[in-house]
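Inspection log for the structure reproduced underneath, given as structure tokens.
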Amino acid sequence: MSGRKEDFVPNTPGKVGMYVCGITAYDVCHLGHARSAVVFDIIKRYLRYRGFDVTHVRNITDIDDKIIAKAAQENISTDEVAGKYTEEYYHDMELLGVGRADIEPNATDHIKEMLEAIETLINKGFAYPVDGDVYFEVSKFEGYGKLSGKNVDDLISGARVDVDDRKKSPLDFALWKASKEGEPWWESPWGKGRPGWHIECTAMSSKYLGNSFDIHGGGADLTFPHHENEIAQSEAYSGEQFVKYWIHNGFITVDKEKMSKSLGNFFTIKEILNKYEPEVVRYFLLTAHYRSPIEFSDVQLNEAELSIDRYYTTVLRVSDFLEAPESKEKNINAEELEELLSSFKDKFHNAMNDDFNTASALGFIFELIRELNRFLDGKPSGQKAHDIVVRASDLLAEVGGVLNIFNKTPKEWYSALMKTKNISFSDEDLEQKIQERQQAREEKDWAKADVIRNELAELGVVLEDKKDSTRWKIKLG
RNA sequence: GGCGACGUACCCAAGUGGCUAAGGGGGAGGUCUGCAAAACCUUUAUGCAUCGGUUCGAAUCCGAUCGUCGCCUCCA
């Protein structure tokens, strides 16, 4: 609320109430929606990991102008439109590793609560009905603009809002809208109508989290007017502080410009997932701090892919090491790795405690990966080395789990890549080629071995020779 | 016009008062390897848009300038 970072102290110790604005279900989601969902998914996961009892509410707006327009266009009901795109949303989010919220309320299931809130606001003198509409009177609410840093006079003088003579001020916003011919409607004391956009969040958040809760989130574009209006309504309604901490995620940009529906410069999640693994997209979204803009490009996605590959490559090395037959203690030069192991969790926690700095956290993860690789390069063996490697890989898995990345086996990763890269090669064919080449290698027929290796490389499969076997991976970059 | 954010190497990106400016990608050289690949090592910003100021000390605070973007209208 202060516009800067603050120490996090929840209203009730150990418990967190978090409300995040979900989507308006009228079309398929693009990467911008994914970012918001992933950011708050990470926040929730991290808070839970640190022991908070989090109640996460994420609403779905299932009635509004665009849904009505879409329904008319496709000649189906608004419920069908909203239902369809809500399902698409859940599907996309599941692929991206975004967990479901604890409570996922629809606006239209809470008309009663909204009507109750609107009536209270009218009774308290904060709202007025006109011709079947009801408006919130902004000038009655002291402190309007406190979230977005705007002041009412500036807003009025610079108003680009449609002038509507029925409103007392151009800033007043609709709590309830009279329905037009053919539109869906609900009965209300002011006639047939439907809710305005902002009121659903007030009604539903107070129902599920109480009048005052800890975290409210959404995209930075919701700060004004949506969240500003929510504050006005909610605090006017309850007389209590609405939200303690506001969290707004930055935008995805394309050529430095905000990715958005209206600019038409958006890529849908489905389009992107045709080319990249969901894990790559999720990782990409974590490479910058959640408040910063993040530029979408193939270069960036490819780099994310390479980074993840580096992780899985290390996992392969670890399993090779752990599967190797027991042997005597030797080459234990583990000082640096052990030092890092003992400080690693603190580093990770500090990064995440500092406003969920995932980019910094990833830096520490790769620092550990490098040290681990370095240790393995020393060809250590014995119980002590074994324990250290297990400890390192457990730590990596633990923090990967918090971020919900790095949760595949290397084999799953490469098989998945094979699909997204459209490499049509069955496991059997591949194994056969490798066998064939292994034979050639044993006979020191290097020419033949190289032919096979090149042949596979053409198809996008790279081979890595080990002492007495060969591993395949997918060529990246 | 009002309000706000940002500008760190070839690219991406942490760092917001004090040891040698994280990490990833790319480049160059090397170790390893039949050759590769991977991994590792060395190297690639005496400098953090520019100019001033505060301070013993600033990428980090303050001011100005330039540039980019966002919100003020539906928007994650």
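Each chain gets a letter, A, B and so on, in the order the sequences are listed, and its residues count up from 1.
No engagement by Leu376(A) is indicated, since no non-hydrogen atom pair under 4.0 Å with the nucleic acid exists. At the heavy-atom level, Ser292(A) lies under 4.0 Å from the strands shown only through sugar-phosphate atoms. Gly22(A) comes within 4.0 angstrom of the backbone, heavy atoms only, and of no base. Residue Phe251(A) is in base contact, counting any heavy-atom pair closer than 4.0 Å across all strands shown. Using a 4.0 Å heavy-atom distance criterion, Asp465(A) is classed as a base contact. If you check every strand for non-hydrogen atoms under 4.0 Å, Lys258(A) touches a base. Contacts of Leu463(A) with the nucleic acid, taken as non-hydrogen atoms under 4.0 Å apart, include base atoms.
Atom CZ of Arg310(A) sits about 7.0 Å away from atom CZ of Phe366(A), to the nearest 0.5 Å.
Listed nucleotides: C69(B), C40(B), C12(B). Nearest to the side chain of Asn373(A): C40(B). With distances taken from any side-chain atom of Met259(A) to the nucleotides A76(B), C69(B), G34(B), the minimum falls on A76(B). In the set A14(B), G34(B), C74(B), the nucleotide with an atom closest to the side chain of Pro225(A) is C74(B). In this structure, of G15(B), C71(B), C40(B), it is C40(B) that holds the atom nearest to the side chain of Arg310(A). The side chain of Ala359(A) lies closest to A13(B), out of C12(B), A13(B), A38(B). Closest to the His30(A) side chain, of the nucleotides A14(B), A76(B), C35(B), is A76(B).
The base of C40(B) lies outside donor-acceptor range of the side chain of Arg370(A), with no N or O pair under 3.5 Å. Judged by distance alone with a 3.5 Å cut-off, no donor-acceptor contact links the side chain of Asp154(A) to the base of G1(B). Between the side chain of Glu303(A) and the base of G24(B), a donor-acceptor pair under 3.5 Å is found. For Lys261(A) against C74(B), no side-chain N or O and base N or O form a donor-acceptor pair under 3.5 Å. Between the side chain of Arg453(A) and the base of A36(B), at least one donor-acceptor pair of N or O atoms lies under 3.5 Å.
Side-chain contact check for Asp354(A) and Asn357(A): no donor-acceptor pair (N or O, by modelled atom type) lies under 3.5 Å.
In this entry the distance linking CG of Leu263(A) with C1' of C74(B) reads 12 Å, nearest Å. Summarising the geometry, the separation between CZ on Phe366(A) and C1' on G23(B) is reported as 8 Å, rounded to the nearest angstrom. What separates CD of Glu458(A) from P of A37(B) is a distance of 16 Å, to the nearest Å. Distance, Lys379(A) NZ to U31(B) C1': 11 Å, rounded to whole Å.
When ring centroids are compared, Tyr245(A) and Phe8(A) come within the 6.0 Å threshold. Aromatic rings of Tyr311(A) and Phe406(A) (six-membered ring for Trp) have centroids within the 6.0 Å cut-off, being under it.
Spacing between C11(B) and C66(B) at atom P, rounded to whole Å, works out to 24 Å. Taking atom C1' in both C56(B) and G27(B), the straight-line distance is 41 Å, to the nearest Å. Comparing the P positions of A22(B) and G47(B) gives an interatomic distance of 16 Å, to the nearest angstrom.
Figure legend: Lys66(A) and Tyr26(A) shown as a cation-pi pair, the cationic atom lying under 6.0 angstrom from the six-membered ring centre and within 45 degrees of its axis.
Taking 4.0 Å as the cut-off between side-chain N and carboxylate O, Asp65(A) and Arg194(A) count as a salt-bridged pair.
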